[in-house]
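Take a look at the structure below.
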Amino acid sequence: MTGNHFDQPIGESEPIPEGAIGHRVAPGAFARLAPEAAREDRPARPRAFGSRAGTISGYVLVALATGMVMMFLWQDADAGQMPVLVLKEDLPAHRMLTEDDVTLSTATSAGKDGYVSLPVTGRLTLRAVKKDQPLTKADLSPDVTKVLGTAPVVVGVSVPHPGGLNGALQSGDQVRLLLSGATGVRAEVDAFVLSVASGGAGRQASLVVALRRKDAERHTAALLEGNILVVKRVRA
């Protein structure tokens with residue numbers, strides 16, 4: 001794959017000089033063959049097929065051993081690297097990803113616990129991400145399509161404080177918005193928090209959330225009023 005280190009050749013073994021490896025000899029056979037070899041008047045005996053096979057096997061074993069050593073050295077040299085997912089191009093915040101948006105590269109293994117793995121389809125970028133930058137869990141939301149469908153909308157809403165029932169809010173949290181009115185709760189809608197901005201003491205906080213398109217259209221007025229209670233879904 002272009003841009004990574006996986007297509008580098010592992011290495012080649014040094015050529016073996018012709019005749020450097022002789023045919024195999026069974027244990028004890030040398031003592032019996034030596035007197036016969038010393039007799040110059042005895043015609044040379046043809047090499048047995050088994051001996052030629054032994055020579056070929058010797059070459060193969062040496063080549064395999066050399067290849068294994070080179071592979072070990074290559075892996076050791078790149079021991080601090082690991083495959084990661086990166087974007088093929090720069091993407092802004094709140095863009096839904098598909099598998100076609102990413103490719104493989106390598107990065108330091110020091111951050112392996114924070115890297116994203118496949119699948120990425122249905123996940124939204126929580127912030128702008130540069131091309132070839134390793135994707136981390138902090139960059140992407142969970143897969144929102146399972147809850148919001150394949151065409152969610154992103155909206156900004158005001159809430160009384162940058163927190164919710166069940167704990168403080170963070171980017172990527174799945175929540176339920178309780179839209180209140182003069183007569184009580186008018187509607188409940190599912191959402192994913194994409195960003196949280198505190199308005200300071202005594203001021204409304206701002207959330208950027210992803211909603212189902214039909215929920216956003218149906219409850220536009222209530223969302224704009226800002227009388228919203230946020231219930232955070234507790235992660236398993």
If you define the side chain from C-beta out and look only at heavy atoms, does anything of [X] sit under 4.5 Å from [Y]?
X      : Y      : answer
Val231 : Leu178 : yes
Lys137 : Tyr115 : no
Leu97  : Thr125 : yes
Val230 : Leu207 : yes

Run the side chain to side chain contact (heavy atoms under 4.5 Å, CB included) test on Thr103 and Leu85 for me, step by step, so that the C-alpha distance in whole Å, both residues' side-chain angles and the decisive distance to 0.1 Å come before the verdict. CA-CA 6 Å; Thr103 187; Leu85 293 177; over 6 Å; no
Exactly one of Val144, Thr150, Thr145 clears side-chain contact (heavy atoms from CB on, under 4.5 Å) with Leu148, and that residue is Val144
Notebook entry, point to check: Is it true that atom NZ of Lys88 has more than 12 heavy atoms of other residues, nucleotides or ligands lying nearer than 6.0 Å?
Noted result: yes
Less than 4.0 Å between a side-chain N and a carboxylate O, is that true for [Y] and [X]?
X      : Y      : result
Arg233 : Asp173 : no
Arg127 : Asp139 : yes
Arg212 : Glu217 : no
Glu188 : Arg176 : yes

Closest non-hydrogen atoms of Ala107 and Pro134, given as atom of the first, atom of the second and distance, are CB-CG, 3.8 Å
For Leu194 and Ser141, the nearest pair of non-hydrogen atoms, with its separation, is CD2-CB, 4.5 Å
Stepwise side chain to side chain contact (heavy atoms under 4.5 Å, CB included) test for Leu211 and Leu177: CA-CA 10 Å; Leu211 304 170; Leu177 303 182; 4.0 Å; yes
Report task. Check whether Val116 and Leu87 end up in the same hydrophobic cluster, where Ile, Leu, Val, Met, Phe, Trp and Tyr are linked by side-chain heavy atoms less than 4.5 Å apart. Result -> yes
*Is there a chain of hydrophobic side chains (I, L, V, M, F, W, Y, each step under 4.5 Å between heavy atoms) that links Leu135 to Leu124?*
no
Evaluate the side chain to side chain contact (heavy atoms under 4.5 Å, CB included) criterion for residues Val147 and Gln174: first the C-alpha distance (whole Å), next the side-chain angles of each, then the deciding distance (0.1 Å), finally the verdict. CA-CA 9 Å; Val147 178; Gln174 182 178 346; 3.6 Å; yes
**Report entry** Candidate pair Val129 and Asp90, rule side chain to side chain contact (heavy atoms under 4.5 Å, CB included), full reasoning
**Finding:** CA-CA 6 Å; Val129 184; Asp90 295 352; over 6 Å; no
